[in-house]
Amino acid sequence: QVQLVESGGGLVQAGDSLRLSCAASGRPFSRYTMGWFRQAPGKEREFVAGVDWTGGRTDYAESVKGRFIVSGDNAKNTAFLQMNRLKPEDTAVYYCAAVRGSDVVTTIKGYDYWGQGTQVTVSS
């Protein structure tokens, strides 16, 4: 079993930056593709960004391309989501997810493990 814990959320102003972290623990954590999703109040959970287990392939939702950067550090069992030029519409609970040995996955069903989420609130 893999446990994922997100951190780094908070309240910021529009235009600010935040870096989310997702720490993995449990069974040996190698060759895991990581994804970030978010869910705003009253909306469905949506894909934000993902990085494959090699770290060489990434994918982003159109709404965050050019502003967010996803990365992973296998040695530290941690994934990151650097969020720049934040907008009020980025306000949501952000979740990280993991699946072993896969290309970048953009669907909720494609992931086996999920964190509890961290709140990001962007004020205008």
Side-chain angles (χ1 to χ4, degrees):
Q1 191 73 4
V2 171
Q3 292 81 43
L4 304 176
V5 178
E6 304 94 336
S7 61
L11 172 62
V12 297
Q13 293 186 332
D16 286 350
S17 298
L18 275 177
R19 188 171 87 151
L20 304 183
S21 299
C22 175
S25 62
R27 63 188 300 174
F29 194 80
S30 63
R31 298 193 174 192
Y32 276 83
T33 285
M34 303 297 294
W36 288 94
F37 290 74
R38 66 187 181 188
Q39 187 166 17
K43 295 187 177 182
E44 294 185 350
R45 191 172 298 189
E46 63 176 2
F47 173 77
V48 175
V51 56
D52 77 332
W53 66 272
T54 71
R57 290 189 290 268
T58 58
D59 198 3
Y60 298 91
E62 285 296 325
S63 59
V64 306
K65 277 184 180 178
R67 299 189 298 125
F68 290 12
I69 301 171
V70 63
S71 61
D73 186 335
N74 285 330
K76 297 183 178 179
N77 293 347
T78 304
F80 303 97
L81 184 67
Q82 177 67 42
M83 305 187 295
N84 301 318
R85 303 198 308 277
L86 282 161
K87 304 175 181 180
E89 50 263 44
D90 294 319
T91 295
V93 177
Y94 283 71
Y95 299 89
C96 71
V99 60
R100 195 169 190 277
S102 173
D103 201 348
V104 179
V105 179
T106 63
T107 61
I108 294 172
K109 292 183 178 180
Y111 289 89
D112 294 326
Y113 304 101
W114 290 83
Q116 293 299 307
T118 184
Q119 176 70 47
V120 172
T121 303
V122 184
S123 64
S124 57

> Going by the side chain to side chain contact (heavy atoms under 4.5 Å, CB included) test, name the single residue among Ile69, Val64, Leu20, Val70 that passes it with Met83.
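Looking at Ile69, Val64, Leu20, Val70, the match for Met83 under the side chain to side chain contact (heavy atoms under 4.5 Å, CB included) is Leu20.
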> Does Val51 belong to the same Ile/Leu/Val/Met/Phe/Trp/Tyr cluster as Val99, with side-chain heavy atoms less than 4.5 Å apart forming each link?
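No, Val51 does not connect to Val99 through the hydrophobic network.
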> So, does Glu6 use its side chain to make a donor-acceptor pair with the main chain of Gly117 at under 3.5 Å?
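Checking the backbone N and O of Gly117 against the side chain of Glu6, a donor-acceptor pair under 3.5 Å is found.
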> When rounded to the nearest 0.5 angstrom, what is the spacing between CG in Leu81 and CZ in Phe37?
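Reported value, rounded in 0.5 Å steps: 12.0 Å.
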> Do Arg85 side-chain atoms and Gly66 backbone N/O form a donor-acceptor pair below 3.5 Å?
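The answer is yes, because a donor-acceptor pair under 3.5 Å joins these two groups.
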> Decide if atom CD of Gln116 counts as having more than 12 heavy atoms of other residues, nucleotides or ligands within a radius under 6.0 Å.
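Open: at most 12 neighbouring heavy atoms sit under 6.0 Å from CD of Gln116.
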> CD of Gln1 to OG of Ser25: how many Å apart, nearest 0.5 Å?
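Going from the CD atom of Gln1 to the OG atom of Ser25 covers 10.0 Å.
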> Less than 4.5 Å apart, side chain to side chain, heavy atoms only: is that true for Phe68 and Leu86?
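Side-chain contact under 4.5 Å: yes.
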> To the closest 0.5 Å, what do you measure between OH (Tyr32) and CG (Leu4)?
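Answer for the OH-CG pair, Tyr32 versus Leu4, is 9.5 Å.
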> Would you tabulate the side-chain donor-acceptor contacts of residues 87-96 under 3.5 Å, counting partners in other chains and residues two or more places apart, or write 'none'?
| unit_1 | atom_1 | unit_2 | atom_2 | d |
| --- | --- | --- | --- | --- |
| Asp90 | OD1 | Arg38 | NH1 | 2.9 |
| Asp90 | OD1 | Arg67 | NH2 | 3.0 |
| Asp90 | OD2 | Arg67 | NH1 | 2.7 |
| Asp90 | OD2 | Arg67 | NH2 | 3.4 |
| Asp90 | OD2 | Lys87 | N | 2.8 |
| Thr91 | OG1 | Pro88 | O | 2.9 |
| Thr91 | OG1 | Val122 | N | 2.9 |
| Thr91 | OG1 | Val122 | O | 3.4 |
| Tyr94 | OH | Arg38 | NH1 | 2.9 |
| Tyr94 | OH | Asp90 | O | 2.6 |

> Is there a donor-acceptor contact under 3.5 Å linking the side chains of Asp52 and Thr33?
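No - no donor-acceptor pair under 3.5 Å links their side chains.
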> Side-chain contact, heavy-atom cut-off 4.5 Å: Asp112 with Arg100?
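No; the side chains remain at least 4.5 Å from each other.
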> What's the spacing between Phe47 CZ and Trp36 CH2 if we round to 0.5 Å?
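If we round to the nearest 0.5 Å, Phe47:CZ and Trp36:CH2 are 12.5 Å apart.
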> To the nearest 0.5 Å, how far apart are CG in Asn77 and CD in Gln3?
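Going from CG on Asn77 over to CD on Gln3, the span is 11.5 Å.
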